[in-house]
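First up is the structure itself, then whatever we jot down about it.
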Amino acid sequence: MQTRVSEPKTAGAAGVAPPQIGRRYDFRRIEKKWQDEWDRRRAFDVDADPDRLKYYCLVMFPYPSGEIHMGHCRVYSIGDVVARYKKMCGYNVLHPMGWDAFGLPAENAAIKAGRHPRDWTVANINRIKEQLHDLGMSYDWRREVTACFPDYYRWTQWLFLLMYRRGLAYRKKAPVNWCPTCATVLANEQVVGGACWRCETPVVKKELEQWFLRITDYADRLLDDLALLTGWPDRVLTMQANWIGRSRGAYIDFPLADGSGERLRVFTTRQDTLCGATYMVVAPEHPLVARLISAGGPGSEELRRFAERARNLSEIDRTSDPEKEGLDTGLRCVNPATGETIPIYTANYILLEYGTGAVMGVPAHDQRDFEFARKYGLPVRVVIKGPDSPGSADEMTEAYDGPGVMVNSGRFDGLSSEEGLEKVAAWLETEGLGAKTTIYRLRDWLISRQRYWGAPIPVVYCEDCGVVPVPEDELPVMLPYQVDFTPGVSPLARSEDFVRTTCPGCGRPARRETDTMDTFVCSSWYYLRYTSPGHDKTPFSREEVDYWMPVDQYIGGIEHAVLHLLYSRFFTKVLHDAGLVGFVEPFTNLLAHGMVTKNGAAMSKSKGNIVSPDEITVRFGADTARVFTLFAAPPDKDFEWTDSGVEGIFRFLGRVWRIVHDLGGAGGAGGSPSPDEADRDILRSAHRMVRKMTLDIDRRFNFNTAISAAMETVNDLYRYAESVPPARRSPAVVREVLEKLVLCLAPFAPHLGEELWQVLGGEGSVHDQRWPSWDEDLVRAEEVEVAVQVNGRIRDRVVVAAGTGEAELRELALALEKVRPHVEGRKVVKVVAVPDRLVNIVVK
RNA sequence: GCGGGCGUGGCGGAACGGCAGACGCGUACGGCUUAGGACCGUAUGGGCUGGUCCCGUGGGAGUUCGAGUCUCCCCGCCCGCACCA
């Protein structure tokens with residue numbers, strides 16, 4: 001994509017139109033003027049510079065599904081403020097933008113509109129780019145990446161092959177999640193509560209041969225390295241930890257009692273309770289059950305019906321059904337610790353996918369097992385005695401799952417349950433019956449998609465050579481344009497031209513893989529591509545990546561807490577292991593922003609509650625749109641859209657425009673040379689504003705309070721202008737205050753910032769200036785009002801010199817007329833004096 | 001069920017354990033105007049006996065000289081995970 005305006009570089013500010021003298025904040029003229037100027041100067045292009053500190057500010061790239069709304073406006077405004085602020089702080093700032101341009105919505109919309117997904121996507125991209133341009137976003141458009149273009153997906157495919165070479169991409173037949181509406185499979189992360197994350201259709205299980213990425217190989221590191229992410233919100237870290245779901249325990253093999261020598265393997269985190277296992281339970285889909293059914297013995301018909309019923313329940317019903325149903329399979333096995341023969345049940349509360357799909361039932365120490373045992377009359381045996389737990393099974397009304405001392409456990413009696421975990425595992429190992437192990441909730445990442453609009457998986461199937469990866473020098477495997485992409489079977493399978501190929505190994509006819517990759521593969525590495533978008537030897541230049549990465553500030557929605565953010569971490573670790581990058585985590589700091597809602601719901605086309613930034617920019621301007629979305633709430637919170645609030649911001653920017661013209665235009669002529677009290681006050685206001693805005697932006701991204709600090713100083717300026725006649729104003733002070741104000745507002749309202757910087761006669765672009773500093777001594781008030789309390793109730797206030805000591809405050813307070821009646825006749829127990837704050841007199 | 005977050009005016013939201021409600025919206029009144037839905041100013045948590053008096057941060061207790069803030073219990077809302085062995 002070409003940028004919108006790309007005229008040759010010309011002289012700088014000299015060519016800029018002079019500021020307009022008038023009484024009106026003419027945002028249309030101002031914004032157009034500066035956008036043109038930025039385009040002409042290519043003001044936002046950046047290059048690596050080893051002599052300068054870098055700062056990589058990144059907002060999650062959008063899916064170009066149409067026009068953008070105020071939610072987008074908000075998040076890009078956040079990114080733009082951070083980028084412009086950091087630039088003013090002296091950093092070499094990378095602030096790129098691109099398009100997560102492959103994906104189902106393009107295909108679905110294209111089918112509906114009768115347009116090709118590519119054309120639809122490109123049209124949307126152009127439209128959104130225009131909108132971002134009109135909002136004054138400071139992107140280096142030379143670095144734009146578009147995931148659906150061959151020069152990008154070539155490298156997505158290359159990375160797939162890297163994974164393949166490293167044994168991390170593999171094909172497997174497995175029961176997978178199928179969304180009937182989207183007509184494709186989904187990764188586990190893309191199933192929310194048993195339904196498709198996009199269209200909320202309940203997913204069904206299908207047995208298919210598919211491509212997976214072995215993310216589970218990285219489960220430990222993905223979990224452990226969360227500790228490195230001190231700049232991430234806790235809730236995201238928690239969500240990832242939950243998702244990975246590491247569970248340490250042991251597997252145990254229970255020999256079947258039929259003399260076959262076969263064993264039934266379970267996973268448990270409580271091997272210390274082994275002697276309390278009085279029965280076994282397997283999932284209805286467990287192979288053992290299937291075998292019993294096909295063997296056709298007594299009871300097999302009942303078993304078949306039971307397994308059928310469980311299987312036919314959707315994922316949602318299965319996991320939300322609290323009633324435990326079970327059935328004795330008739331099989332028996334031996335508890336290796338007690339030598340007892342115990343029954344094997346099958347039950348609906350056992351999940352095939354988790355652990356081994358079988359558990360040992362320890363009713364005394366697991367609540368689910370307890371309920372199940374009571375329902376089916378199975379024995380309950382206490383093997384752990386907690387400090388307050390009942391000693392006998394008969395007294396139990398619920399399971400005891402806490403720690404305690406092992407009882408009824410033979411050789412293990414007397415051990416603490418903690419020791420028992422070790423000792424039982426050691427014993428199992430010497431007996432060859434089990435060992436300690438760790439399992440995860442995380443599954444391998446299913447990346448095959450039976451749809452058209454994605455990056456083709458670069459492999460070929462040859463009758464003789466089997467699965468053959470496409471050689472790197474033949475990449476990209478181009479996605480053909482002319483394809484019947486209506487869903488059904490994989491659309492690419494219908495394109496004979498695409499499918500038919502020759503085997504890279506033996507040269508004989510072969511067939512291409514016709515599935516495409518999950519778009520989350522494309523978005524797992526785009527942040528690397530921004531560093532060197534034209535690079536054509538590898539996905540990215542090592543040198544550029546070493547300079548720019550990791551991303552210093554990543555900004556995006558909480559909905560990707562697990563999905564995109566987990567996948568990207570995985571990719572980064574693989575690239576690190578492959579020696580392609582030097583870091584192990586891609587995103588140092590993460591800001592999870594809130595949504596902009598209207599009528600209580602996130603803005604979306606389907607809900608019809610979209611407010612377009614265009615509506616706002618036309619009526620009030622881009623600066624108003626930006627400042628309002630930042631002012632309405634702290635960035636991590638949702639906020640409900642209101643039109644009336646927008647006008648308030650428009651008023652504020654108009655006030656800024658006018659006060660700068662009134663006080664600062666024409667060089668701020670005349671005035672008194674020596675600053676008086678009013679001058680000191682307004683100067684203090686400005687220094688306070690700088691301090692507050694700096695800390696609010698830097699420390700916690702509270703742009704709302706940063707903006708309110710600027711509003712306070714503007715209010716102070718109006719009071720100053722009204723109360724101090726021109727002849728008595730100090731030009732130096734006025735100038736300093738106005739400069740600080742304009743510099744501080746520049747990242748928020750960049751067009752107005754440039755214009756007013758010019759009005760003040762500033763050199764060059766306001767965005768090339770240094771972020772202002774403040775003087776702590778000036779910030780401190782000369783006089784402060786100290787509250788005087790008696791027993792915690794305010795009785796008076798007194799103005800004293802700032803920094804007045806405790807002793808003096810105490811005396812002052814006790815002498816106050818309004819205080820005396822409350823103190824007289826009582827005993828002063830204590831006086832708490834906090835300088836510059838308050839005095840609290842405690843009486844009895 | 002487990003984990004996390006949140007509850008403050010009519011509204012969005014501010015408050016290192018130290019004067020609750022900054023800032024903005026809305027509302028009311030005044031000014032300026034031929035006019036204004038522009039602009040400037042003043043007021044704006046509630047109550048009454050109009051005192052810088054009392055009450056007020058979902059409810060209740062506690063710690064403290066002092067609690068929106070810390071602790072415990074309860075109520076309500078939101079999010080994540082959820083029969084995870």
Side-chain angles (χ1 to χ4, degrees), chain A residues 23-25 192-193 233-243 245-247 249 266-270 273 277 281 283 318-324 347-351 353-362 365-369 371-372 401 439-441 558-559 561-562 627-628 631-634 636-652 654-655 658 692 702 704-715 718-719 721-722 784-797 818 829-843:
Chain A
R23 291 298 306 167
R24 210 170 107 248
Y25 165 42
V192 180
D234 285 342
R235 62 181 168 149
V236 175
L237 298 176
T238 308
M239 283 165 76
Q240 291 217 355
N242 285 344
W243 187 262
R246 182 162 64 196
S247 187
V266 302
F267 172 79
T268 179
T269 54
R270 293 298 302 272
T273 65
V281 208
R318 178 82 176 271
T319 51
S320 62
D321 183 6
E323 186 58 30
K324 291 170 183 41
N348 60 353
Y349 74 99
I350 305 303
L351 307 171
E353 297 84 26
Y354 191 76
T356 62
V359 304
M360 60 180 196
V362 186
H365 306 294
D366 181 287
Q367 186 58 26
R368 292 156 305 175
D369 296 346
E371 287 166 26
F372 191 78
D401 59 6
I439 65 163
Y440 304 89
R441 214 180 75 95
I558 190 75
E559 67 272 20
V562 174
V627 175
F628 175 66
F631 179 71
D636 55 331
K637 287 185 71 175
D638 293 348
F639 85 82
E640 174 75 12
W641 180 261
T642 69
D643 286 324
S644 54
V646 178
E647 287 168 36
I649 296 301
F650 180 68
R651 263 201 292 270
F652 165 63
R655 274 164 73 80
R658 282 190 305 276
K692 176 145 183 67
N702 276 17
N704 56 332
T705 51
I707 293 163
S708 78
M711 289 172 166
E712 287 185 72
T713 291
V714 170
N715 292 344
Y718 272 83
R719 270 188 284 274
E722 196 179 60
V784 287
E785 196 184 59
V786 170
V788 179
Q789 302 178 328
V790 177
N791 286 348
R793 302 179 93 87
I794 307 255
R795 296 302 174 187
D796 201 1
R797 297 180 168 89
K818 284 181 189 138
V829 181
K830 188 176 182 181
V831 180
V832 182
V834 182
D836 297 352
R837 289 283 181 182
L838 55 62
V839 179
N840 188 12
I841 301 162
V842 187
V843 298

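For a distance-only test at 3.5 Å, the side chain of A:Asn840 qualifies as a donor-acceptor partner of the base of B:C65. At a cut-off of 3.5 angstrom, counting only N and O atoms as typed in the model, there is no donor on one side facing an acceptor on the other between the side-chain of A:Lys830 and the base of B:C65.
To the nearest angstrom, C1' of B:G80 lies 9 Å from CD1 of A:Ile558. A:Glu722 places its CD atom 13 Å from the C1' atom of B:C39, with the value rounded to the nearest Å. Summarising the geometry, the separation between CD on A:Glu559 and P on B:C79 is reported as 14 Å, rounded to the nearest angstrom. To the nearest angstrom, C1' of B:G17 lies 11 Å from CG of A:Leu838. In this entry the distance linking CZ of A:Phe639 with P of B:G13 reads 9 Å, nearest Å. For the pair A:Asn348 CG and B:A85 P, the interatomic distance rounds to 18 Å; values are reported in whole Å. In this structure, the CG atom of A:Asp401 is 11 Å from the P atom of B:C84, given to the nearest Å. Spacing between atom CH2 of A:Trp641 and atom P of B:G12 amounts to 16 Å, rounded to whole angstrom units.
To the nearest 0.5 Å, atoms CD1 (A:Ile350) and NZ (A:Lys324) are separated by 9.0 Å. Between atom CZ of residue A:Phe628 and atom CG of residue A:Asp643 there is a gap of 8.5 Å, rounded to the nearest 0.5 Å. In this structure, the separation between CZ on A:Phe267 and CD1 on A:Ile439 is 4.0 Å, given to the nearest 0.5 Å. Note that the CD1 atom of A:Ile558 and the CZ atom of A:Arg235 stand 3.5 Å from one another [nearest 0.5 Å].
B:C2 is paired with B:G80 under the Watson-Crick or G-U wobble criterion, all donor-acceptor distances under 3.5 Å. Remark: B:G7 base-pairs with B:C75. Criterion, Watson-Crick or G-U wobble with two distances under 3.5 Å. When both pairing distances are held under 3.5 Å, B:U69 makes no Watson-Crick or G-U pair with any nucleotide shown. Using the Watson-Crick or G-U wobble rule with both distances under 3.5 Å, B:G30 pairs with B:C40. Nucleotide B:A85 is matched to nothing when pairs are restricted to Watson-Crick or G-U wobble geometry with both distances under 3.5 angstrom. The partner of B:C23, taking Watson-Crick or G-U wobble pairs whose two distances both stay under 3.5 Å, is B:G12.
Annotation: B:A15 and B:G26 have their C1' atoms spaced 22 Å apart (nearest Å). Between B:C25 and B:G4, the distance separating the two C1' atoms is 32 Å to the nearest Å. The gap from the C1' atom of B:C32 to that of B:C40 amounts to 8 Å, rounded to the nearest Å. Here the separation of B:C70 from B:C16, taken at their C1' atoms, is 14 Å to the nearest Å. Of the C1' atoms belonging to B:G45 and B:A20, the separation is 10 Å, rounded to the nearest Å. Here the separation of B:U8 from B:G68, taken at their C1' atoms, is 7 Å to the nearest Å. The gap from the C1' atom of B:G7 to that of B:G58 amounts to 6 Å, rounded to the nearest Å. Atom P of B:C23 sits at a distance of 23 Å from the matching atom of B:C29, rounded to the whole Å.
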One pair to check against side chain to side chain contact (heavy atoms under 4.5 Å, CB included): A:Asn840 and A:Lys830. What are the steps and the verdict?
CA-CA 8 Å; A:Asn840 188 12; A:Lys830 188 176 182 181; over 6 Å; no
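Checked against salt bridge (charged side-chain N to carboxylate O under 4.0 Å, His left out), A:Arg719 has the following partners two or more places apart in sequence or in another chain: A:Asp716.
Between A:Asp369 and A:Met360, the shortest heavy-atom contact is OD2-O, 3.6 Å. A:Leu838 and A:Val786 get closest at one heavy-atom pair: CA-CG1, 3.4 Å. Of all heavy-atom pairs spanning A:Phe372 and A:Ala347, the tightest one is CE1-CB, 3.7 Å. Scanning both residues, A:Ile794 and A:Ala787, for their nearest heavy atoms gives CD1-CB, 3.8 Å.
Comparing B:A85, B:C40, B:C65 by their nearest atom to the side chain of A:Tyr718 picks out B:C40. Picking from B:C19, B:G18, B:C83 the nucleotide with the shortest atom distance to the side chain of A:Lys324 gives B:C83.
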In B/S/- notation (B base, S sugar-phosphate only, - none; protein heavy atoms under 4.0 Å), nucleotides 22-31 of chain B written 5' to 3' is BBSSS-----
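Contact annotation for A:Gln367: no contact, since no heavy-atom pair falls under 4.0 Å across all strands. In this structure, A:Arg793 reaches the sugar-phosphate backbone alone: every heavy-atom distance under 4.0 Å involves primed, P, OP1 or OP2 atoms, never a base. The residue A:Gln789 sits close to a base: some heavy atom pair falls under 4.0 Å. Within 4.0 Å of A:Val359, counting heavy atoms only, lies at least one base atom of the nucleic acid.
With the nearest nucleotide of RNA chain B identified for both A:Arg235 and A:Met239, A:Arg235 has the one nearer the 5' end. Between A:Val192 and A:Asn702, the residue anchored nearer the 5' end of RNA chain B, judged by the nucleotide with its closest heavy atom, is A:Asn702.
Within the 4.0 Å cut-off from OP1 or OP2 of B:A82, at least one side-chain nitrogen or oxygen of A:Arg441 is found. Listed pair A:Arg837 / B:G66 fails the phosphate criterion, with no side-chain N or O lying under 4.0 Å from OP1 or OP2.
Anti is the glycosidic conformation of B:G37, whose angle departs from 0 by more than 90°.
Checking A:Asn242 against A:Arg441 by side-chain atom types alone, no donor-acceptor pair falls below 3.5 Å.
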Identify each atom pair where a protein N or O and an N or O of nucleotides 44-53 of chain B are less than 3.5 Å apart, giving names and distance.
| unit_1 | atom_1 | unit_2 | atom_2 | d |
| --- | --- | --- | --- | --- |
| B:U52 | O4 | A:Lys818 | NZ | 3.3 |

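Looking at A:Asp366, its side chain does come within 3.5 Å of a backbone N or O of A:Arg368 through a donor-acceptor pair.
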